[in-house]
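Heads up: the structure comes next, in structure tokens.
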Amino acid sequence: MITFMNNSDSEEEPCNERTSLMSAESPPVPSYQDGLQASQAGEAQAHRKRRTGSSRSPNNIADGETSDSGVPVREGILENEEEELTLKYGAKHVIMLFVPVTLCMIVVVATIKSVRFYTEKNGQLIYTPFTEDTPSVGQRLLNSVLNTIIMISVIVVMTVFLVLLYKYRCYKFIHGWLILSSLMLLFLFTYIYLGEVLKTYNVAMDYPTLILVIWNFGAVGMICIHWKGPLQLQQAYLIMISALMALVFIKYLPEWSAWVILGAISIYDLMAVLCPKGPLRMLVETAQERNEPIFPALIYSSAMIWTVGMAKPDTAARRSSQQAWDAAEDGRENHRSPSHADSQMSERRSPVPTRPITSFEELEEEERGVKLGLGDFIFYSVLVGKAAATASGDWNTTLACFVAILIGLCLTLLLLAVFKKALPALPISITFGLIFYFSTDNLVRPFMDTLASHQLYI
Amino acid sequence: MTLAVFFGCTFIAFGPAFGLFVFTIARDPLRIIILIAGAFFWLVSLLLSSLIWFIAVKASDPRDEPLQKGLLIFGVMFSVLLQEAFRFLYYKLLRKAIEGLVALSEDGCSPISIQQMAYVAGVGFGLMSGAFSMINLLADALGPGTVGIYGDSQLYFLTSAFMTMVLIFLHTFWGILFFHGCEHRRWWEITAVVVMHLAVSGSVYVVEPAPSQDPEALRDARVPTTLALPSILAARVAVTFSAISFLLHWGTLASPSTAHTGVWLWQPADKCDWGWLALMPLWEPPENGLVLGDSALLASL
């Protein structure tokens with residue numbers, strides 16, 4: 001417990017900053033000029049990013065020279081294409097976020113249901129000092145509200161601190177903080193998790209093997225998250241650390257406090273991202289002004305690369321393999337100045353005029369990904385995990401919360417496609433999740449139990 | 001019990017639906033979204049109907065057995081009606097979505113047709129309904145115990161699994177028929193779906209023997225009854241409805257992703273008319289045409 005408390009600043013960090021969903025438009029298309037600034041990411045935006053092919057594929061530059069005349073002619077058509085492509089890829093992006101969110105929830109629910117450690121009460125975090133073992137309901141409610149106020153104020157203070165650090169360009173401090181927090185997650189929490197799983201299944205493991213496993217897991221994780229690595233490995237690590245963080249929250253937050261905190265943090269998320277003076281919005285705007293990427297390793301990037309054209313198989317293959325490796329890094333870099341973007345567009349659209357017959361198959365679709373903050377993963381998993389842990393052993397509640405969160409995410413992405421600006425990902429999902437948790441646990445469960453006892457099927 | 005029963009019942013109940021999902025729905029992200037939204041709509045309808053039932057139960061005397069039973073039947077009927085109402089609402093939503101997709105597409109053609117949406121919506125409703133009926137049972141099946149040790153039916157888990165499978169299929173077919181009826185303004189199709197749903201849900205009470213009064217026999221407050229007869233009936237209904245749906249839409253469900261299933265042919269839906277239906281009232285399918293579970297049940301009796 002003491003170690004948690006000492007490192008608690010960095011422990012809190014992931015859940016502060018990543019509480020919003022980010023979206024971006026396709027930067028090169030002029031009709032989305034207003035969206036272009038919004039797409040210069042901060043942590044508070046999810047991107048559909050075009051890859052900078054220029055720095056990595058010399059062939060693109062060669063193509064660009066021959067096709068400048070063709071570009072204005074096709075712009076009108078391209079705009080419609082872009083609009084249609086945006087929506088056509090909209091469904092795919094939703095699924096690209098459904099899968100990791102589902103995986104994270106599955107990991108959390110599976111752990112909660114099998115490893116008893118995470119449902120045992122072993123004290124509380126320093127952020128929720130008021131105990132809930134009080135005799136009266138009113139006192140318990142009051143304590144949980146006070147716990148929530150303390151937790152949310154801690155989060156607000158640290159977010160503001162982070163914004164100030166970013167504003168005054170203390171990048172080393174921020175990077176050190178992030179590295180420390182991911183070190184703790186990848187080594188300490190993984191060690192505890194592995195220990196508890198081994199205990200549950202009564203499997204013995206000697207210390208040398210344990211050290212080898214934990215060291216490899218942690219070192220590869222640090223490299224993947226903070227530097228470069230295969231995209232899917234990075235995604236897997238981000239899912240795992242979100243699940244670990246969610247498990248810690250589920251274990252150490254008292255019951256009523258957890259629900260009130262979930263509600264309060266979605267309200268906070270809404271305000272922080274949408275209000276003009278909200279800290280996350282200021283962070284985004286500062287990042288836009290400087291055209292810089294913000295914090296690595298705390299955004300899940302679901303980048304997707306297609307190279308459909310077969311005219312240049314070598315370059316396509318090389319580019320895709322390069323992009324797969326660079327996705328981890330470029331997923332976090334947002335150096336998209338408008339001029340840079342325009343040059344990209346001319347390079348990318350070059351295949352089209354030179355091969356008019358083969359239309360779309362020759363178009364090389366580069367990375368288009370949606371990004372979701374890790375804090376969103378964490379709080380979704382906390383909700384579903386708490387539902388699994390405390391809902392009277394009922395699986396229906398867990399399932400209902402799961403569907404509710406997915407629908408909330410879908411709606412949020414729909415709003416994103418409509419509004420094309422930074423949006424918080426927590427409010428809709430958490431609201432649906434909370435409504436469905438309480439109503440399923442109290443209303444649906446007795447109904448379904450009575451139906452099951454008479455073997456009635458509706 | 002434990003693993004054998006768990007896996008057996010899981011695959012019986014969800015195997016066909018899982019196959020449907022993997023082969024026809026999983027490839028297309030739009031269909032997955034429609035599936036989950038369908039599940040959500042079913043969930044909301046269940047929520048509202050259980051709210052009504054809960055209020056009714058709390059307002060009534062808990063000791064009055066016939067009243068509680070009557071309230072339960074009322075709850076079931078109300079839930080069925082509400083589910084169909086939400087199916088209609090979902091149909092309306094999907095129609096609007098199709099208009100949006102058509103407006104945003106290049107060639108004025110939506111990437112997914114209303115018939116495909118009807119199928120996916122039906123599967124969504126069915127999967128959620130089946131999951132809510134079956135998952136707690138499966139979780140209990142994983143633990144220790146003996147089914148029917150106090151003299152109740154030993155086939156409780158098995159019949160529940162079969163009934164769940166049949167129900168998932170039924171929801172799928174009802175979805176197709178319902179949307180077809182809404183599309184072509186054939187109200188009697190819609191009423192047929194509602195009536196069949198009520199009939200299937202209520203059929204248990206017709207054939208249920210008196211529940212065991214022994215309090216020790218109630219494990220988790222469940223009273224196992226032999227569900228063979230209602231599930232056979234439901235399976236017959238399912239086969240009939242599947243035949244109807246197939247004939248209605250045997251052309252419209254073809255798409256590049258389902259072409260390899262070999263079942264769906266390519267033919268415009270408008271060619272189907274009700275002449276076919278006049279030739280087949282609720283017919284008794286031959287032995288080899290039965291759903292697998294049906295024949296297994298017959299064999300076990």
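No hydrogens, no waters, no symmetry mates; every other heavy atom, side chains included, goes into these values.
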**Message:** I need the residue from B/V44, B/V57, B/L46 with the largest number of non-hydrogen atom pairs under 4.5 Å to chain A.
**Reply:** B/L46

**Prompt:** By a 4.5 Å heavy-atom criterion (distance strictly below it), what part of B/L51 contacts chain A: side chain, backbone, both, or neither?
**Reply:** both

**Prompt:** With respect to chain A, which residue among B/L43, B/L30, B/V80 yields the maximal number of heavy-atom pairs within a distance under 4.5 Å?
**Reply:** B/L43

**Complete:** The interface call for B/M128 against chain A, heavy-atom contacts under 4.5 Å, is side chain

**Prompt:** Looking at A/A400, A/A404, A/C410, which has the largest count of heavy-atom pairs under 4.5 Å with chain B?
**Reply:** A/A400

**Prompt:** Of the options B/T172, B/L35, B/L94, which is the one that meets B/V120 in a side-chain contact (heavy atoms from CB on, under 4.5 Å)?
**Reply:** B/L35

**Message:** Are B/F125 and B/W174, when compared by the centres of their aromatic rings, separated by less than 6.0 Å?
**Reply:** no

**Item:** B/S79, part contacting chain A, at a heavy-atom distance under 4.5 Å
**Value:** side chain

**Item:** Contact check, side chains of B/L170 and A/Y457, non-hydrogen atoms, under 4.5 Å
**Value:** no

**Request:** With a 4.5 angstrom heavy-atom cut-off, could you sort out which part of A/I458 is near chain B: side chain, backbone, both or neither?
**Result:** both

**Request:** Could you tell me how the ring of A/Y437 sits relative to the ring of A/W259: parallel (under 30°), tilted (30 to 60°) or perpendicular (over 60°)?
**Result:** parallel

**Message:** Is there a side-chain contact between B/I135 and A/T398 in this structure, where contact means two heavy atoms from C-beta onward sitting under 4.5 Å apart?
**Reply:** no

**Request:** May I ask you to say whether B/E99 pairs ionically with B/K96, meaning some side-chain N is under 4.0 Å from a carboxylate O?
**Result:** no

**Prompt:** What part of A/L443 gets closer than 4.5 Å to chain B, counting heavy atoms only: side chain, backbone, both or neither?
**Reply:** both

